[in-house]
**Student:** 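My questions all concern the structure below.
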Amino acid sequence: MTDNNHSRFQHLYFVLTGIPGLELKYYWMAFPLGAIYVIALFGNGVIISTIKSEPSLHIPMYYFLCMLALADTGLALCTMPSMLGIFWFNCKSIAFDACLVQMYFIHTFSAIESGVLVAMAFDRVVAIWKPLRYGTILTNGVVCRTGAVILTRAICVVFPVPFLIKRLPFYRSNILSHSFCLHQDVMSLACASIRVNSLYGLIAVIFTKGSDSLSILLSYAFIFRTVMAIASGEGRLKALNTCVSHVCAVLIFYVPLIGVSVIHRFGKHLSPLTHALMADAYLLIPPVLNPIVYTMKTKEIRRKLIQIFVPAKVTAEG
């Protein structure tokens, strides 16, 4: 009897919000949005296939890059159905359980990406601090175990979140603030105390992105100290140049994340449009820009793109 009463206090579906105030322009925004997803999926697919097929890239640095591309692909695939459904077909409803599934995978892939960025920072520390022992410290076994730890941590930390949401009653508004389901957005619609959800969400963020960002910061402090001990200016510049792509990836991930967190906490007075755009940027920018950054810095990936688009030219040069 209790379960039946509880089920009556849950919506069958939630209503997603695209970009408030721009509903009449969804038709024109659908094509750029589709292009963004094509770039994200194609770019990360090229990175994964290039690393898999190019023996010279079978080193820890590029294994971690492959993990980052997989996380970005997963993040893009999580949001793509609901985003394209809204802007292409004006389909704004999402089933309650489907919303929880999407929420779980969004937060899981986000936690995985954060963990991979830490692993990449450690990779740069080893490469600059102990370059002659790089291969013996970061063996294939170490890389595999690191990936397993990152994946297990993300799955376990986010796993309770949908169940904490499931226990809450929802019988007032069912309109979400974004084009996809996020934990803080869904729990704000609950008609009961969300103290447990808020506390666990805070603990999860501190344990994942909080500790990860601190680890990355400490890693670069150590890298900078190590680089400053190099005698020649050319050597210092060369060492720092190997970190440029990773620094860009960190900024691409954490700047939108910090922006979303600050706006959610202190920007209650801001327009819904600002909240929606920041959330979209947080989930769309990393999968799109990371492949572009690493393509610009990796000649093997650039060569792969040329082979795809100009096969005749590559064959002739070969």
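Keep in mind that what you see is a predicted model, and the values were worked out from it rather than measured.
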**Student:** Tell me whether Val244 shares a hydrophobic cluster with Val250, the cluster being built from Ile, Leu, Val, Met, Phe, Trp, Tyr side chains joined at under 4.5 Å.
**Tutor:**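 No; tracing contacts between hydrophobic side chains, which count when under 4.5 Å, never links both residues.
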**Student:** Say whether, by atom type as modelled, one donor and one acceptor occur between the side chain of Arg236 and the main chain of Ile230 under 3.5 angstrom.
**Tutor:** yes
**Student:** Contact between Leu77 and Phe105 at the side-chain level, heavy atoms closer than 4.5 Å - yes or no?
**Tutor:**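 Heavy-atom side-chain distance check fails, nothing below 4.5 Å.
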**Student:** Does Ala281 have any side chain to side chain contact (heavy atoms under 4.5 Å, CB included) partners at least two apart in sequence or in another chain, and if so, which?
**Tutor:** Ile285
**Student:** So, do Arg172 and Cys191 sit near enough that their side-chain heavy atoms are less than 4.5 Å apart?
**Tutor:**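 Yes, close enough: below the 4.5 Å cut-off.
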**Student:** Please collect all salt bridge (charged side-chain N to carboxylate O under 4.0 Å, His left out) contacts where either partner lies in residues 177-188, sequence neighbours excluded, each pair once.
**Tutor:** none
**Student:** Which pair of non-hydrogen atoms, one from Ala71 and one from Phe109, has the smallest distance, and what is that distance?
**Tutor:** O-CD2, 4.0 Å
**Student:** Near Phe122 CZ, under 6.0 Å, is it more than 12 heavy atoms from other residues, nucleotides or ligands?
**Tutor:**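 Atom CZ in Phe122 is not packed in, count stays at 12 or less.
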**Student:** In chain order, what residues pass the ring pair (Phe, Tyr, Trp, His ring centres under 6.0 Å) check against Tyr134, with sequence neighbours excluded?
**Tutor:**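 Not a single residue meets the ring pair (Phe, Tyr, Trp, His ring centres under 6.0 Å) criterion with Tyr134.
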**Student:** As an exercise, state the distance from CG of Leu277 to CG of Leu284, rounded to the nearest 0.5 Å.
**Tutor:** 10.5 Å
**Student:** Which heavy atom of Ala154 sits nearest to which heavy atom of Thr108, and what is that distance?
**Tutor:** CB-O, 3.6 Å
**Student:** Between Phe180 and His178, how do the two ring planes meet: parallel, tilted or perpendicular, split at 30° and 60°?
**Tutor:**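 Because their plane-to-plane angle is under 30°, the rings of Phe180 and His178 count as parallel.
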**Student:** Is a donor on one side and an acceptor on the other found under 3.5 Å between the side chain of Arg302 and the backbone of Met296?
**Tutor:**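 Indeed, once roles are kept as given, a pair shorter than 3.5 Å links the two residues.
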**Student:** Which heavy atom of Ser198 sits nearest to which heavy atom of Met187, and what is that distance?
**Tutor:** OG-CE, 3.6 Å
**Student:** Please report the closest heavy-atom contact between Ile86 and Gly18, naming both atoms and the distance.
**Tutor:**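 Residues Ile86 and Gly18, closest heavy atoms: CG2-CA, 4.0 Å.
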**Student:** For the atom pair OG (Ser179) and CG (Leu16), what is the distance rounded to the nearest 0.5 Å?
**Tutor:**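 One finds 7.0 Å between OG of Ser179 and CG of Leu16.
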**Student:** Quick test of your reading: applying salt bridge (charged side-chain N to carboxylate O under 4.0 Å, His left out), list the pairs with at least one residue in residues 74-89, sequence neighbours left out, ordered by first then second residue.
**Tutor:**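 Those involving residues 74-89 do not exist here.
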**Student:** Would you kindly say whether Arg167 and Asn197 are connected by a side-chain donor-acceptor distance under 3.5 Å?
**Tutor:**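 Distance-only check passes for Arg167 and Asn197.
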**Student:** Is Thr136 reaching over with its side chain to a backbone N or O of Arg133, donor-acceptor style, under 3.5 angstrom?
**Tutor:** yes
**Student:** Return yes if some donor-acceptor pair links the side-chain N/O of Asn290 with the main-chain N/O of Ala69 below 3.5 Å, else return no.
**Tutor:**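 Between the backbone of Ala69 and the side chain of Asn290 there is no qualifying donor-acceptor contact (under 3.5 Å).
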**Student:** Given Val116, which of Leu68, Asp72, Leu151, Leu65 fulfils the side-chain contact (heavy atoms from CB on, under 4.5 Å) condition?
**Tutor:**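 Testing Val116 for a side-chain contact (heavy atoms from CB on, under 4.5 Å) against Leu68, Asp72, Leu151, Leu65 leaves exactly one candidate, Leu68.
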**Student:** My understanding is that only residues two or more places apart in sequence, or in another chain, count here; which of them pass disulfide bond (SG atoms under 2.5 Å apart) with Cys78?
**Tutor:**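 Counting only residues at least two positions away or on another chain, Cys78 forms no disulfide bond (SG atoms under 2.5 Å apart).
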**Student:** Which heavy atom in Ser232 sits nearest to a heavy atom in Gly235, and how many Å separate them?
**Tutor:** OG-N, 3.0 Å
**Student:** If I take atom CD1 from residue Ile223 and atom CG from residue Leu240, how far apart are they, to the nearest 0.5 angstrom?
**Tutor:**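 Atom-to-atom, Ile223:CD1 and Leu240:CG are 8.5 Å apart.
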**Student:** Residues in side chain to side chain donor-acceptor pair (under 3.5 Å) with Gln102, at least two apart?
**Tutor:**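 With neighbours one apart ignored, the set is Ser82.
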**Student:** Is the number of heavy atoms from other residues, nucleotides or ligands within 6.0 Å of CZ (Phe42) greater than 12?
**Tutor:** yes
**Student:** Any side chain to side chain donor-acceptor pair (under 3.5 Å) involving residues 199-217? Give me the pairs, sequence neighbours left out, ordered by first then second residue.
**Tutor:** Ser110-Lys209, Ser114-Asp212, Arg153-Asp212, Lys209-Tyr282
**Student:** Do side-chain atoms of His58 reach the backbone of Lys52 as a donor and acceptor pair under 3.5 angstrom?
**Tutor:** yes
**Student:** Test of understanding: with side chain to side chain contact (heavy atoms under 4.5 Å, CB included), list the residues that count as partners of Val15, not counting sequence neighbours.
**Tutor:**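 With neighbours one apart ignored, the set is Tyr13, Lys92, Asn174, Ile175.
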**Student:** Could you check Ile150, Val118, Asp123 and say which one makes a side-chain contact (heavy atoms from CB on, under 4.5 Å) with Phe64?
**Tutor:** Asp123
**Student:** From Ile301 CD1 over to Ile306 CD1, what is the distance, rounded to the nearest 0.5 angstrom?
**Tutor:**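 One finds 12.5 Å between CD1 of Ile301 and CD1 of Ile306.
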**Student:** For Tyr63, enumerate each residue passing the ring pair (Phe, Tyr, Trp, His ring centres under 6.0 Å) test, keeping only those at least two apart in sequence or located in another chain.
**Tutor:** none
**Student:** Using only heavy-atom distances, determine whether the side chains of Ser56 and Tyr62 contain a donor-acceptor pair under 3.5 Å.
**Tutor:** no
**Student:** We want to know whether His246 and Tyr220 form a side-chain donor-acceptor pair, criterion being a heavy-atom distance below 3.5 angstrom.
**Tutor:**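 The criterion, which ignores hydrogens and geometry beyond distance, is satisfied for Tyr220 and His246.
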**Student:** Should Ile292 and Leu289 count as side-chain neighbours, where that means a heavy-atom distance under 4.5 Å?
**Tutor:**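 Yes, their side chains come closer than 4.5 Å.
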**Student:** Measuring from Asn241:CG to Glu234:CD, what's the distance to the nearest 0.5 Å?
**Tutor:** 11.5 Å
**Student:** What disulfide bond (SG atoms under 2.5 Å apart) pairs are there with at least one residue in residues 213-265, not counting sequence neighbours?
**Tutor:** none
**Student:** With distance as the sole test, does Thr242 use its side chain to make a donor-acceptor pair with the main-chain N or O of Ala239 at under 3.5 Å?
**Tutor:**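 Side chain of Thr242 to backbone of Ala239, a donor-acceptor pair under 3.5 Å: yes, one is there.
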**Student:** How far apart are the C-alpha atoms of Tyr37 and Thr79, what are their side-chain angles, what is the distance that settles it, and do they pass the side chain to side chain contact (heavy atoms under 4.5 Å, CB included) test?
**Tutor:** CA-CA 10 Å; Tyr37 278 108; Thr79 60; 2.8 Å; yes
**Student:** Indicate yes or no for a side-chain donor-acceptor contact from Thr17 to the backbone of Leu176 under 3.5 Å, with no hydrogens or angles considered.
**Tutor:**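 Yes: the side chain of Thr17 pairs with the backbone of Leu176.
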**Student:** Please list, chain by chain and in numerical order, all residues satisfying ring pair (Phe, Tyr, Trp, His ring centres under 6.0 Å) with Phe224, sequence neighbours excluded.
**Tutor:** none
**Student:** Mind jotting down which residue pairs meet the salt bridge (charged side-chain N to carboxylate O under 4.0 Å, His left out) criterion with at least one end in residues 213-233? Sequence neighbours excluded, please.
**Tutor:**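 Matches after skipping sequence neighbours: none remain.
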**Student:** Kindly compute the distance separating NE2 (His107) from CD1 (Ile112), expressed to the nearest 0.5 Å.
**Tutor:** 13.5 Å
**Student:** Between Leu168 and Ala192, which heavy-atom pair has the shortest distance, and what is it?
**Tutor:**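 Smallest interatomic distance, heavy atoms only, reads CD2-CB, 4.5 Å.
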